Amino acid sequence: MRTWITDEPIDVSDVLSSVGSDADGAALLFLGTVREQNEGRPVQGMRYDAYAGMAASVLSEIAGEAGERAGTDRISVVHRTGELQIGDVSVAIAVSSPHRAEAFDAARYVIEQIKLRLPVWKHEHYTDGSAEWLDGATPPAPAAESAAVPAPGTVKP
Amino acid sequence: MRTWITDEPIDVSDVLSSVGSDADGAALLFLGTVREQNEGRPVQGMRYDAYAGMAASVLSEIAGEAGERAGTDRISVVHRTGELQIGDVSVAIAVSSPHRAEAFDAARYVIEQIKLRLPVWKHEHYTDGSAEWLDGATPPAPAAESAAVPAPGTVKP
Amino acid sequence: MRIQLLLFALYRDLTGVSELDVQVPDGATAGVALADLRARDARFGRLPERPVIAINREYALLDAPLADGDELALLPPVAGG
Amino acid sequence: MRIQLLLFALYRDLTGVSELDVQVPDGATAGVALADLRARDARFGRLPERPVIAINREYALLDAPLADGDELALLPPVAGG
């Protein structure tokens, strides 16, 4: 399991080759890339801002959850920050697992959770010189403090 | 759209880089690899036999269907034949599309249809020297000949 | 008429035949051609009675008619991927 | 007590503040601390009343209590990927 946030270009071959094992019959690599237009507006580029310290731990949590669901620890996820051009890779997710369904499910879970929970923001620049923060998702509220405290007698040693 | 059958090792970077466009925000690469065991039996290697001429056209059909479903023509699929070792890539599927759901769906469709319809057979060799043809899928029956003939008046010019 | 018969994988192992140029009754369907072969050549008796087939590289039904020069392939359950 | 306040993206643009070391009432929840800030500093009036927050890099509820030295982040809707 390897997760990181970087402001350097993502080496996708490196991400892919960090997963895989003789026990695995399936490997999957997902890439998110910057598109040339968004809802019809021609895009010049995109700046990704992150709450870097928190993003690193959220990304690691997400990968851990995906690995648990899929029964594999061969998961690598990297998210880019900084100024990106059209076609640049903003996120790369690699998973390998004994069977294909798990690899698909895990990669899909990671990208959906990234969009839902990762503290990252996109500042899109348009060819007309304007720029905008893209609409985002409201992360699920954490469990209330009181609910997180185990009831007496339920604490595991 | 690029599909082919090969008895040479698959260059996965090449397959991945054959998809992608400035219009696409998602790219996906799926790899099938030879596992070290199958239902508990230690595997030495695998020979893939194909009805090559037919496999090429079925693969092209499958990719066409996936592209139509996903609304993208950025799909590459290659299937390997011949003797493979543990870890060797037997199939590589790359798809890119404007949004992620389509890329996931198309790649998944291609691999499921390959397993269902591609005239390829696996001869698995075990470390104890034995070998076996793997159980396969029965491809869906084609439509009956009569059903394929359009009713009078329904023929498009 | 003559057709080109192709066998693969397990069916090749069962019969010892991979490719065969054979005479079949004029106007025979694939099913009739196979029954005819089975009656004449014991090796084909080792195959399932209703195998999946392809005619000229396309999946076909056993009741599809054959034409002279067709390529008829007998396909064991497939296992790509 | 003092906390470290962090703002990102749109919230940073709206307030002109990215990072601020601030005094908040002892024992305040995050919500109370924000209300206090809003009362004292007009810039924070431009933010939504109930933003998503993180305390010490974990998502938290506005009624979560703060401790001296905590890092309180105000997070606009996120857009990773």
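Reminder, nothing fancy here: chain letters follow the sequence lines and each chain counts from 1. Not measured: the values here are computed from a predicted model.
Listed by sequence position, A:Y48, A:A50, A:Y51 are the residues of residues 33-52 of chain A in contact with chain D, using a 4.5 angstrom heavy-atom cutoff. Residues of residues 74-94 of chain A lying within less than 4.5 angstrom of chain D, judged on heavy atoms, are A:H79, A:S90, A:V91 in numerical order.
Annotation: the span from D:L75 atom CG to A:M54 atom CE amounts to 5.5 Å, rounded to 0.5 Å. For the atom pair A:W121 CH2 and D:D13 CG, the distance stands at 12.0 Å (nearest 0.5 Å).
Around CD of D:E58, the count of heavy atoms belonging to other residues, nucleotides or ligands within 6.0 Å does not exceed 12. Counted within 6.0 Å of CZ on D:R40, heavy atoms from surrounding residues, nucleotides or ligands total more than 12; the atom is thus considered enclosed.
Contact check for D:P77 versus A:D135: no side-chain heavy atoms found under the 4.5 Å cut-off. Between D:V52 and A:T138, the closest side-chain pair of non-hydrogen atoms falls below 4.5 Å.
Per-residue heavy-atom pair counts under 4.5 Å with chain D were compared for A:G53, A:P140, A:A55, A:A56, and the maximum is reached by A:G53. Of all the listed residues (A:A141, A:P119, A:G32), the one sharing the greatest number of non-hydrogen pairs under 4.5 Å with chain D is A:P119.
Residues A:L134 and D:A79 come closest through the heavy atom pair O-CB, 4.5 Å. When all heavy atoms of A:I111 and D:G81 are compared, the closest pair comes out as CD1-CA, 4.1 Å.
Within the 4.5 angstrom heavy-atom criterion, atoms from both the backbone and the side chain of A:I114 approach chain D.
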